[in-house]
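Order of listing sets the numbers, starting from 1, for every ligand and every atom in it. Since this is a predicted model, take the numbers as computed values, not measurements.
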Amino acid sequence: MTTEQSIKPGQADGAGPGGRDVLSVTDERTGRQYELAIEDGAIRASELRQIKVSEDDFGLMSYDPAFLNTASCRSAITWIDGDKGELWHRGIPIEQLCEHSSYLEVAYLLIFGELPTKEQLDAWVFDITTHTFVHENIKKFVEGFRYDAHPMGMLLASVGALSTFYPDAKKIKDQHERYMATIRMIAKMPTLAAFAYRHNLGLPYVYPDNDLAYPGNFLSMMFKMTEIKYEPDPRLERALDVLWILHADHEQNCSTSAVRGVGSSGVDPYSAVAAGVAALYGPLHGGANEAVLRMLDRIERIDNIPGFLAGVKEGKERLMGFGHRVYKNYDPRARIIKKHVDAVFEVTGRNPKLDLAVELEKHALDDDYFVDRKLYPNVDFYSGLIYEALKLPPAMFTVMFAIPRTSGWMAQWQEMVDDSEQKIARPRQLYTGGGPRDYVPMDQR
Ligand code: ACO
């Protein structure tokens with residue numbers, strides 16, 4: 001068992017010759033010994049509190065900036081083995097889901113834990129399809145943004161605003177309200193995303209078309225012009241659907257932790273998901289695909305690659321789309337995307353940046369700097385190329401990530417709400433300030 005994977009319950013216990021799931025600790029400050037229970041490959045950080053130097057001592061804490069080695073929850077949704085490059089949702093490998101499933105079916109699997117029957121899937125798709133419209137006031141709300149507002153900023157604000165339209169979503173223990181919030185969120189996210197895109201272009205918003213499948217409807221809301229009926233290319237629809245399956249969930253990443261953390265206060269799920277959208281906006285997370293395209297634009301030509309990589313190695317910049325907190329091997333999602341790039345280019349024509357990206361990947365994978373640090377392409381290295389081929393501006397790329405991640409956020413949020421061990425998230429700190437000292441009046445400073 002290495003540290004670069006989710007901990008599977010039971011897998012790491014009872015491995016030693018002693019056969020006891022216990023960690024013995026000696027506190028050299030006091031000479032006292034403690035036994036901490038090991039459960040599912042972890043000790044409970046709160047058990048450290050019994051380790052004290054005196055009665056009035058607060059007790060030992062663990063210090064873990066950026067949660068590098070802290071499990072904050074138990075979760076049955078997603079499994080990642082970063083060393084092997086494996087990703088499963090509810091136990092099913094991502095490769096099988098991408099080959100046989102659809103995004104909406106995967107969303108069902110994430111939320112309910114099982115693959116749906118035909119009747120369950122039909123009802124789920126029907127419910128989502130019939131909740132894609134947003135209130136007309138949301139349209140006015142989006143109209144209020146500046147013409148050049150970043151679409152991710154607009155999405156963040158409009159998802160948060162949805163909470164004001166559905167005040168009953170505050171009843172987070174009510175199963176019906178939870179279901180309604182889940183389908184509304186999955187249904188409306190593409191509508192909000194497309195409105196943000198059309199707002200930037202100064203084009204009229206296109207209402208959802210319920211005759212179309214989920215990805216086809218999105219393409220229609222984005223690109224429909226004067227035609228009576230938009231007819232999406234099935235190859236593009238499929239590529240988009242696969243991309244969305246790949247982005248649906250990824251266990252306790254930055255945005256999911258934000259959704260869980262904010263949701264732990266008991267706030268409604270729209271507000272919690274708005275926090276997830278905000279976290280995803282950052283260039284080290286969902287913003288990386290946008291950053292990859294900007295990076296490829298800067299590199300411009302294959303013969304500039306060595307100079308660019310030299311700058312990366314000197315720490316002047318990062319190779320965007322490379323590296324991952326958990327994967328220390330090829331991100332399995334990057335492998336699947338790479339296959340779909342060709343299918344998309346068949347429809348849209350080849351993007352010369354693909355050659356640049358492939359060459360950049362080769363150079364990096366041949367370079368000790370990246371090999372030694374186990375830096376491989378992540379999901380964002382190639383996704384931006386597909387988005388660009390779909391004629392999306394880079395600013396929309398992270399929005400394209402937020403649409404499918406909504407199902408993962410909702411699955412994780414529901415799991416958190418139902419978890420009796422969870423309380424409001426409230427980390428401790430190691431105080432480094434001074435004091436106590438007296439307040440100094442203004443005229444004496
Ligand atoms: N380019 C150059 N060097 C890198 C990169 C990179 N992309 N990623 C990590 N490194 C180096 C670090 O400088 C560090 O080197 P050092 O040991 O000499 O100090 C070492 O590799 C370890 O990196 P950390 O920053 O400690 O790794 P961490 O797990 O904190 O970061 C992260 C992971 C944020 C994804 C990082 O690899 C990165 O910034 N990548 C580029 C951004 C990116 O593609 N993000 C998308 C992630 S996938 C997603 O969110 C969907």
Please report whether [atom] has a protein non-hydrogen atom at a separation of less than 4.0 Å.
{"atom": "atom 27 (O) of ligand 1", "result": "no"}
{"atom": "atom 19 (O) of ligand 1", "result": "no"}
{"atom": "atom 23 (O) of ligand 1", "result": "no"}

Cation-pi check, R373 onto Y369 ring (under 6.0 Å, within 45° of axis): yes
Can you name the atoms of ligand 1, numbered from 1 with element, that are less than 4.0 Å from a heavy atom of [X]?
{"X": "F401", "answer": "51 (C)"}
{"X": "A288", "answer": "43 (C), 44 (O), 45 (N), 46 (C)"}
{"X": "R325", "answer": "28 (P), 29 (O), 30 (O), 33 (C)"}
{"X": "G321", "answer": "43 (C), 44 (O)"}
{"X": "D380", "answer": "46 (C), 49 (C), 51 (C)"}
{"X": "L284", "answer": "39 (O), 45 (N), 46 (C), 47 (C)"}

If the threshold is 4.0 Å, N to carboxylate O, is there a salt bridge linking R260 and E415? yes
Between [X] and [Y], is there a donor-acceptor pair closer than 3.5 Å when you use the side chain of the first and the backbone of the second?
{"X": "D148", "Y": "N200", "result": "no"}
{"X": "K391", "Y": "Y387", "result": "no"}
{"X": "D268", "Y": "S163", "result": "no"}

Contact partition for [X] relative to ligand 1, non-hydrogen atoms under 4.0 Å:
{"X": "R318", "result": "both"}
{"X": "H324", "result": "both"}
{"X": "V312", "result": "side chain"}
{"X": "Y369", "result": "side chain"}
{"X": "L319", "result": "both"}
{"X": "V379", "result": "side chain"}
{"X": "V292", "result": "neither"}
{"X": "L375", "result": "side chain"}

Any idea which of A364, G323, P283 brings a heavy atom closest to atom 37 (O) of ligand 1? G323
Could you identify the single nearest non-hydrogen protein atom to [atom] and state the distance to 0.1 Å?
{"atom": "atom 41 (C) of ligand 1", "answer": "F322 O, 3.4 Å"}
{"atom": "atom 42 (C) of ligand 1", "answer": "M320 CE, 3.4 Å"}
{"atom": "atom 21 (O) of ligand 1", "answer": "R373 CD, 3.4 Å"}
{"atom": "atom 47 (C) of ligand 1", "answer": "N378 ND2, 3.6 Å"}
{"atom": "atom 50 (O) of ligand 1", "answer": "H285 ND1, 3.0 Å"}

Under a 3.5 Å threshold, yes or no: a donor from one side chain and an acceptor from the other, between [X] and [Y]?
{"X": "T78", "Y": "W88", "result": "no"}
{"X": "Q412", "Y": "Q252", "result": "yes"}
{"X": "S255", "Y": "N253", "result": "yes"}
{"X": "Q414", "Y": "T182", "result": "yes"}
{"X": "E105", "Y": "S101", "result": "yes"}

Using the salt bridge (charged side-chain N to carboxylate O under 4.0 Å, His left out) rule, take K339 and E95 through it: C-alpha gap first, then chi angles, then the decisive distance, then the call. CA-CA 12 Å; K339 281 195 231 151; E95 292 78 7; over 6 Å; no
Classify the angle between the aromatic ring planes of [X] and [Y] as parallel (below 30°), tilted (30 to 60°) or perpendicular (above 60°).
{"X": "F145", "Y": "F141", "result": "perpendicular"}
{"X": "H135", "Y": "F165", "result": "tilted"}
{"X": "Y103", "Y": "W244", "result": "perpendicular"}

Any nitrogen or oxygen of K328 lying under 3.5 Å from a nitrogen or oxygen in ligand 1? Just yes or no. no
